[in-house]
2 protein chains.
Amino acid sequence: MSAGEQRGRKPRADVQRNRAALLETAQRHFLQHGVGTSLEAVAKETGVGPGTLYRHFPTREALLAAVLQTRSEELVARRAEIARLGDASEALRQWLRAMEEYFSAFSGLPEPLMAAAREREPDNPLTLPCDDLIATTDERLLAAQRAGHARQSVKGYDLFLAAVSVAWISGTGATDEESLGRLRALIESGYREQDDEE
Amino acid sequence: MSAGEQRGRKPRADVQRNRAALLETAQRHFLQHGVGTSLEAVAKETGVGPGTLYRHFPTREALLAAVLQTRSEELVARRAEIARLGDASEALRQWLRAMEEYFSAFSGLPEPLMAAAREREPDNPLTLPCDDLIATTDERLLAAQRAGHARQSVKGYDLFLAAVSVAWISGTGATDEESLGRLRALIESGYREQDDEE
DNA sequence: AGTGCATACGGAGGCAGCATCCGCTTTGAT
DNA sequence: ATCAAAGCGGATGCTGCCTCCGTATGCACT
C-alpha cells in the first residue's frame with residue numbers, strides 16, 4: 001500500500017536506512033542537548049557525512065519536525081480521547097497539559113515553535129503543527145465557555161501562549177516541579193469563570 | 001570622589017574611553033539583533049580588537065550586565081516610587097509590569113536571565129539582579145496578600161516567572177500587543193483574590 | 001552474471017563566530 | 001626625555017554550519 005505513484009524505479013534501500021538511523025540519533029541528541037545540538041555531531045555519530053543529513057533534512061526545523069512526528073501522532077490520539085470527555089472544563093485542562101508536555105519534549109523547543117508561528121512562510125515544517133494546535137485549543141476553549149466554565153474574554157491563542165510559556169520555563173531548568181504546578185494553577189484560575197467552583 | 005583606593009598610578013584614559021565606546025556599540029547591537037548578536041562585530045564596529053572587548057567583559061553575560069546597568073538603575077528608582085503607593089494591589093501590578101519591561105529590553109534577554117537564576121554560581125553577573133527582583137516581588141506580593149488582594153497560595157517566584165514568560169513571548173515577536181494584554185489580564189485574574197472586585 | 005545509469009553518499013572546503021595569547025604600542029609617572 | 005607598566009589588537013585555533021562535486025552504490029534490464 002501507501003505508494004501513490006512510485007513512477008519508474010523502486011526507492012533505494014540505503015535511503016530509508018540512513019533516514020531512520022539519522023532520526024534515531026537525532027532524537028537522542030535532542031533529548032540530551034536540546035534542540036540546539038550540533039547537527040554535525042548527529043551525522044558523525046550516525047556514521048554518515050554531513051551532506052547526507054542535509055539532503056534528508058534541509059534545515060534543523062525539518063529534522064526537528066520529523067523527530068517530533070511520533071509525538072505528534074500521540075498528541076493527536078490524546079486529543080481524540082480528550083474530545084470525548086463529557087466535562088468541557090476538564091477536557092480543556094487536559095488539553096493544555098497535553099500541549100505543554102508536547103512542547104517540553106526537548107529543551108529549547110518552544111523557540112523554533114514560536115518562530116514558526118511568527119513567520120507565516122509555509123516552508124517551515126513546524127508551522128503546520130502549530131496552526132493545528134491553536135485551532136484545537138480554540139475548540140476546547142469554546143466548549144468550556146459554552147458550559148460556563150471559562151471567561152468569555154479569553155481566546156484560544158492566549159492559552160496556547162500560556163502553555164508554550166510554561167514549557168519554555170520548564171525547559172530552562174531553572175524551576176522545580178512545585179513552582180511549575182503553582183504557575184499552572186495560576187493560569188487556570190486566570191481563565192476559569194469565577195462561579196465555577198467544585 | 002568615588003575612587004576608594006587608586007593605589008599607585010592613575011587609571012589610563014583609553015581604558016575608560018574604550019569601555020564607554022564598547023558599551024555604546026553593544027547596546028545598539030543588542031537592541032537591533034538581540035542578546036545573541038556577534039561580539040566580534042561589536043568589537044569591530046567600535047574600532048577595537050576582540051581582545052580588548054574580552055578583557056573588559058570576559059563573557060557575554062558580563063557585557064550584558066554592564067549594558068543593563070542604566071536600566072537597572074531606572075528599575076530601582078521605579079521600585080522606590082511604587083513602594084510608596086498606597087494601594088498594594090496597584091503597586092504589585094505596576095511592579096510586575098516594570099519587571100516585564102526590564103526583561104524586554106533586548107530580544108532574547110530572558111534566556112540568560114533564567115540561566116543566571118538556575119546556576120547559583122555567583123560569578124554570573126546577572127545572578128545578583130535576579131535575586132533582587134525576586135525578593136522585591138515577594139515584598140509587593142506579601143503586601144497585597146495582607147491587604148486581601150492576592151491569593152495566599154501564590155508565591156513571589158511564581159509572579160516573577162510569569163513576568164519573565166510574558167517578556168519572553170514578547171521577545172519572540174510572534175505576538176501582537178493585544179494578545180499580550182490579554183495574557184497579562186489572565187495572569188492578573190489568576191493571582192487576584194476573587195472578592196477583590198472594583 | 002554482467003552492464004549501465006540514476007541516485008545517493010561523504011568529505012573537503014568556505015564561512016562565521018568564539019575565545020585566547022603574546023608581541024607591540026600607548027600612557028602616565030619620574 | 002625616558003621608563004615600565006598597562007593596555008591594545010590581530011593572528012590563531014577551534015567548533016559548527018552548510019554546499020558542492022567526484023565517487024560509490026544499488027536497482028533495472030539483458
Distance, rounded to the nearest Å, where A:Lys44 contributes NZ and D:dT15 contributes C1': 10 Å
Sugar-phosphate, base or nothing in reach of B:Thr37, heavy atoms under 4.0 Å: sugar-phosphate
Exam field: side chain B:Arg60 to backbone B:Val35, donor-acceptor pair closer than 3.5 Å: yes
Test item: A:Gln145 side-chain N/O and A:Val154 main-chain N/O as donor-acceptor pair under 3.5 Å: yes
Closest-nucleotide 5' rank along DNA chain C - winner of B:Asp14 and B:Ala41: B:Ala41
Side-chain-base donor-acceptor pair under 3.5 Å for A:Arg12 and D:dC27: no
Between D:dC17 (P) and A:Glu61 (CD): distance, integer Å: 12 Å
Proximity to the side chain of A:Arg60 - top-ranked nucleotide from D:dG9, D:dC17, D:dC27: D:dC17
Charged N-O contact under 4.0 Å between A:Arg79 and A:Asp132: yes
N-O pairing of B:Arg71 and B:Glu74 below 4.0 Å: no
B:Phe57 CZ to D:dG7 P, straight-line distance once rounded to whole Å: 14 Å
Between C1' of D:dC29 and NZ of A:Lys10, the distance in whole Å: 14 Å
Sidechain N-carboxylate O distance under 4.0 Å for A:Glu178, B:Lys155: no
Gap between atoms CD and P, on B:Gln16 and D:dC8 respectively (whole Å): 11 Å
Candidate pair B:Arg28 and B:Glu24, rule salt bridge (Lys or Arg N to Asp or Glu O under 4.0 Å), full reasoning: CA-CA 7 Å; B:Arg28 252 202 340 276; B:Glu24 162 87 24; 3.8 Å; yes
Side chain B:Arg151, main chain B:Gly190, donor-acceptor under 3.5 Å: yes
Position toward the 5' end of DNA chain D (nearest nucleotide), A:Tyr54 or B:Val15: B:Val15
Sugar-phosphate, base or nothing in reach of A:Thr46, heavy atoms under 4.0 Å: nothing
Phosphate contact (D:dG7 OP1 or OP2) by B:Asn18 side-chain N/O below 4.0 Å: no
Nearest-angstrom distance from the residue atom CZ of A:Arg55 to P of D:dC17: 17 Å
First and last nucleotide of DNA chain C, 5' to 3', lying under 4.0 Å from heavy atoms of chain B: C:dG17 to C:dA29
Nucleotide nearest B:Thr52 (side chain, heavy atoms from C-beta), chosen from D:dG7, D:dG9, D:dC18: D:dG9
Which nucleotide in D:dT19, D:dC17, D:dC8 has an atom nearest any side-chain atom of A:Pro50: D:dT19
Closest-nucleotide ordering on DNA chain C, the 5'-leading residue of B:Gly51 and A:Glu40: A:Glu40
Proximity to the side chain of A:Ala13 - top-ranked nucleotide from D:dG10, D:dC27, D:dG26: D:dC27
